[in-house]
Chemist: 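First the structure, then my questions, so here it is.
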2 protein chains.
Amino acid sequence: MIRDSRLSSVLHGLLHMIGAGEPVTSEQLAQAMATNPVVVRRVMAGLREQGLVHSEKGHGGGWTLARDPTDITLADIYRAVGEPTIVAIGHRSENPGCLVEQAVNDALGDTFREVEALFLKRLGGVTLEALAKDFKRRLAKHKQSLEDQIHAVK
Amino acid sequence: MIRDSRLSSVLHGLLHMIGAGEPVTSEQLAQAMATNPVVVRRVMAGLREQGLVHSEKGHGGGWTLARDPTDITLADIYRAVGEPTIVAIGHRSENPGCLVEQAVNDALGDTFREVEALFLKRLGGVTLEALAKDFKRRLAKHKQSLEDQIHAVK
DNA sequence: CATCATGTAACATGTGAAGTTACATGATAC
DNA sequence: GTATCATGTAACTTCACATGTTACATGATG
């Protein structure tokens, strides 16, 4: 099953980067992603390799988006975060000669590819920009609700 | 991602059970599944709960198929082996109030369900019987190829 | 050249699946 | 009945892998 917690974590970081108008340090991202700076660098390194983010050393350095958020989809991020294949059924001790697995792969190989394609296609339909917009909307709503509560207490 | 090694393991066991005309012990299945008897019982217990296999204690006891192999699909087995949901993107520390995840789920919730449905639908299209037939065909071919090699050496 | 930030290797920890041991329960053969 | 065989299951151990941590190198800025 697909249960990516890294993708979720990375999205937190990226939304944070969109909000800030300047480079965000690994230290700051670590807070947004509820982890520590080294892990942030490790994960973000994958995104950098895919050209999604950019990193700068020294004073005023940190992480910035390398592309326009309208040009980055969740599929890009998912791939960059680095899942090998989405669907695969196999034995632990890779046994390519195993006749049972050959039969399974013959029966379901196309299915695996089909499911993976559908998944990535849908991820590809959601841009970082769209996600950010929706997030901001929720944030505003949330704020409003808190204010209402305060008002009610008065 | 889906990378079930248990399903593959269980299939080995089930094909073994189809071949044998009598109950197969956990000991024997453990060999076919490259593990040990207790693990076999643990995994098979899930299949029994779903009514796919039957177990008998004592002399001459062991595991047998509870339904006709034409009536068991890979979807049944997959479910019985017990994967919770196929696709889910979430933070480790389940944080249902997290606005980022709410936004992601709003954008992709339907997709997750759609991908899962497609996957299970395809698994549902392959019966254990069909798989066993294909497996036997491969086995025969494999045997033939070995005999040919022996013949060539002579 | 002091400071800040990333880059990365090496090691530590946590977690969940798989493996193991031990013993209880039930069924069959004698 | 009782010896034997097989499953049922709890408790513990081991293993693999992701994550977390420490330490230090590299490069950029003031």
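In what follows, every chain begins at residue 1, and chains take the letters A, B, ... in the order their sequences are listed. No experiment lies behind these values; they were computed from the predicted model shown. The figures that follow rest on heavy atoms only: side chains count, while hydrogens, waters and symmetry mates do not.
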Chemist: What integer distance in Å separates A/Gln31:CD from C/dA5:P?
Modeler: 13 Å
Chemist: Can you tell me the distance, in whole Å, between the NE2 atom of A/His54 and the C1' atom of C/dG7?
Modeler: 14 Å
Chemist: Just checking B/Gln31: does its CD atom have more than 12 heavy atoms from other residues, nucleotides or ligands closer to it than 6.0 angstrom?
Modeler: no
Chemist: Once you round it to whole Å, what is the distance between C1' of D/dA6 and CD of B/Glu27?
Modeler: 10 Å
Chemist: How many Å lie between CG on B/Leu7 and P on C/dA18, as a whole number?
Modeler: 12 Å
Chemist: Under the salt bridge (charged side-chain N to carboxylate O under 4.0 Å, His left out) rule, collect the residues that match up with B/Asp134, sequence neighbours excluded.
Modeler: B/Arg137, B/Arg138
Chemist: For residues A/Thr25 and A/Trp63, report the shortest heavy-atom separation together with the two atoms involved.
Modeler: C-CD1, 4.3 Å
Chemist: What's the CD-P distance between A/Glu22 and C/dA5, to the nearest Å?
Modeler: 11 Å
Chemist: Look at the side-chain N and O atoms of A/Ser26 and state whether any lies under 4.0 Å from the OP1 or OP2 oxygen of C/dT6.
Modeler: yes
Chemist: Look at the side chain of B/Trp63 and decide which nucleotide, out of C/dT6, D/dG8, C/dA18, has an atom nearest to it.
Modeler: D/dG8
Chemist: For B/Ala45 and B/Gly61, take the nucleotide of DNA chain D holding the closest heavy atom to each; which residue's nucleotide lies nearer the 5' end?
Modeler: B/Gly61
Chemist: Quick one: B/Arg6 CZ to C/dG19 P, roughly how many Å, whole number?
Modeler: 11 Å
Chemist: Give the rounded distance in Å between these two atoms: CD of B/Gln28 and C1' of D/dC5.
Modeler: 12 Å
Chemist: Can you find a heavy atom in the side chain of A/Leu14 that is under 4.5 Å from one in the side chain of A/Val53?
Modeler: yes
Chemist: Roughly how many Å is it from CE in B/Met44 to P in C/dG19, rounded to a whole number?
Modeler: 14 Å
Chemist: With the 4.5 Å side-chain cut-off for hydrophobic clustering, are A/Val38 and A/Val81 part of the same group?
Modeler: no
Chemist: Does D/dG8 have OP1 or OP2 under 4.0 Å away from a side-chain N or O of B/Ser55?
Modeler: yes
Chemist: Less than 4.0 angstrom between a side-chain N/O of A/Thr25 and OP1 or OP2 of C/dA5, yes or no?
Modeler: no
Chemist: Which residues pass the salt bridge (charged side-chain N to carboxylate O under 4.0 Å, His left out) test with A/Arg122, not counting sequence neighbours?
Modeler: B/Glu114
Chemist: If every non-hydrogen atom of B/Thr73 is compared with every non-hydrogen atom of B/Leu123, which pair is closest and at what distance?
Modeler: CB-O, 3.9 Å
Chemist: Quick one, give me the B/S/- string for nucleotides 20-30 of chain C, reading 5' to 3', where B means a protein heavy atom under 4.0 Å from the base and S means that only happens at the primed atoms, P, OP1 or OP2.
Modeler: BB---BBBB--
